[in-house]
Amino acid sequence: MGITIKDIAKAAGVSYSTVSKALNDSPLVKKETKQKILRVADEMGYQPNIAAKKLVSNESRTIGVVWPTVERVALTTLAAKINAALEQQKYHMLLSINPTKTAVDLFNRFQVDGVLVFGEEAHEEIISSSIPLLYYGEPGPATYPTIDVNRRKAIQLGVRHLVQLGHSRIAYIGDLNPQHSNQREKATGYTLGMEEAGYSHLHEAVDSRGLSWQAGYQAVKQLLSKKKPTALISASYDLTVGIIRGIKELHLTIPQDISLVSYDHIPEMEKLDVPVTAVGTPVQTIATEITNHLLQLASGKKVPPAILDVELFQRQSSRSPE
DNA sequence: GCCCGACGACTTAAATACAC
DNA sequence: GTGTATTTAAGTCGTCGGGC
């Protein structure tokens, strides 16, 4: 059993009602008394009991997040930003790495105020929840709202950028599994971008069969053993890490021998061996939008589906072909 | 199956203590 | 007597276990 306001009341020599008021910054408690109570609470390591608060306020100020993988850097960055945004609103975040249905059931039992589902894979199970759910990425059941990045437009932007630089032999490396609709969107963006530029005949999409750095490494080796594109578009940050490694091992340089544009608009792109041109929605914007949506859902409001606009952030990895 | 009490945090109204 | 600070008591919330 942890420290309760009754323990603090006893230690501070006041009633628990006064402790409650002091902890909630009530003007009905004298400044000196309030400071003393806060000091005692701090010394005793007091942490409010979320379950008890929920009984009174009917809100836990906690958001559950169904976490698909701990391996993807872009998602880890996004989760950290969401956590920071929720903290600013005095909310807490709980992560579950259980399968979606198990995690949602668990969060229902914990009575969190809302649940964010990272839809990285197709949702075959029908999830039912009395708590508001928000899906990011892969859409969930039609009854729940979805927020996503315009992935198709992002990759199209990348193709346009490379075409404007003078590239025509532009290849794409990404997960081409038709069951993953958000990955399919990126591949469609590539196809449309190539069509728009009149380069359909140069279309070269390589299935990385996953989004890990290893997948990117294997895919780029496979591609460059047969073809010699002047530019590459990668479908994710992790793939990009593997692609850079593969290109380096083949004694090619970025961007002199091959230009590179990557999906995932995250600050980590700046820190790679070669700072990489990125397309997508800035991760901070995604985090802010997701947080706003979650808090609206938690307060009982309805939110429409949202598709976030994208941008291109040019760095050293892309330039005109030599 | 129904009722009741307990759990912890919180609110509120009423009562009390104390200084001026 | 008045005003301020604090205490007391009661009630609320959802869930669970125990007693009848």
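Note on naming: letters A, B, ... go to the chains in the order of the sequence lines (proteins, then strands), and numbering restarts at 1 for each one. The analysis underlying the following values was restricted to heavy atoms, covering all of them including side chains, and did not include hydrogens, waters or symmetry mates. Note that this is a predicted model, so its numbers are computed, not measured.
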Quick one: [X] [atom1] to [N] [atom2], roughly how many Å, whole number?
{"X": "A:Arg61", "N": "B:dC10", "atom1": "CZ", "atom2": "C1'", "value": "15 Å"}
{"X": "A:Asp113", "N": "C:dC13", "atom1": "CG", "atom2": "C1'", "value": "14 Å"}
{"X": "A:Lys30", "N": "C:dT6", "atom1": "NZ", "atom2": "P", "value": "5 Å"}
{"X": "A:Ile8", "N": "C:dT6", "atom1": "CD1", "atom2": "P", "value": "16 Å"}
{"X": "A:Gln35", "N": "C:dT6", "atom1": "CD", "atom2": "P", "value": "12 Å"}
{"X": "A:Leu23", "N": "C:dT6", "atom1": "CG", "atom2": "C1'", "value": "15 Å"}
{"X": "A:Lys34", "N": "C:dT4", "atom1": "NZ", "atom2": "C1'", "value": "14 Å"}

(request) Pick out which of A:Arg151, A:Arg152, A:His180 makes a side-chain hydrogen bond (donor to acceptor under 3.5 Å, both in side chains) with A:Glu185. (result)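 Option passing the side-chain hydrogen bond (donor to acceptor under 3.5 Å, both in side chains) with A:Glu185: A:Arg152.
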(message) Output one letter per nucleotide in nucleotides 14-20 of chain B: B when a protein non-hydrogen atom lies under 4.0 Å from the base, S when only the sugar-phosphate is that close, - when neither is.
(response) -------
(request) State which of B:dC10, C:dA5, C:dT7 makes the closest approach to the side chain of A:Val14. (result)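 Side chain of A:Val14 sits closest to C:dT7.
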(message) Using C1' atoms of five pairs at each end, report the bend of the helix from B:dG1-C:dC20 to B:dC20-C:dG1 rounded to 10 degrees.
(response)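 Terminal axis comparison yields 50°.
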(request) Heavy atoms only: give me the nearest A:Ile173-A:Leu239 pair and the separation to one decimal. (result)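 Nearest pair, atom of A:Ile173 first, then A:Leu239: O-CD1, 3.8 Å.
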(message) Side chains of A:Lys186 and A:Gln183: any donor to acceptor distance under 3.5 Å?
(response)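 The answer is yes; a qualifying pair exists.
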(request) Consider only side-chain N and O atoms of A:Glu268 and A:Thr77, and report whether a donor and an acceptor are under 3.5 Å apart. (result)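 Judged by distance alone, the side chains do pair up.
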(request) Ignoring backbone atoms, establish whether A:Thr18 has a side-chain N or O less than 4.0 Å from OP1 or OP2 of C:dT7. (result)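 So the side-chain polar atoms of A:Thr18 do come within 4.0 Å of the phosphate oxygens OP1 or OP2 of C:dT7, strictly under.
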(message) Quick one: does any side-chain atom of A:Asp207 pair with a main-chain N or O of A:Leu176 as donor and acceptor, under 3.5 Å?
(response)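 Checking the backbone N and O of A:Leu176 against the side chain of A:Asp207, a donor-acceptor pair under 3.5 Å is found.
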(request) Verify, without hydrogens or angle tests, whether A:Tyr190 (side chain) and A:Ile170 (backbone) share a donor-acceptor contact under 3.5 angstrom. (result)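 Yes, A:Tyr190 side chain to A:Ile170 backbone: donor-acceptor pair under 3.5 Å.
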(message) Quick test of your reading of the model: are A:Lys153 and A:Asp309 salt-bridged, counting only N-O distances below 4.0 Å?
(response)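 Judged by the 4.0 Å cut-off on N to carboxylate O distance, A:Lys153 and A:Asp309 do form a salt bridge.
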(message) Distance check, rounded to the nearest 0.5 Å: A:Glu249 atom CD versus A:Ile244 atom CD1?
(response)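 Those atoms lie 13.0 Å apart.
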(request) Using the six-membered ring wherever Trp is involved, compare the ring planes of A:Phe118 and A:Tyr136 and label them parallel, tilted or perpendicular (cut-offs 30° and 60°). (result)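 It falls in the perpendicular class, over 60°.
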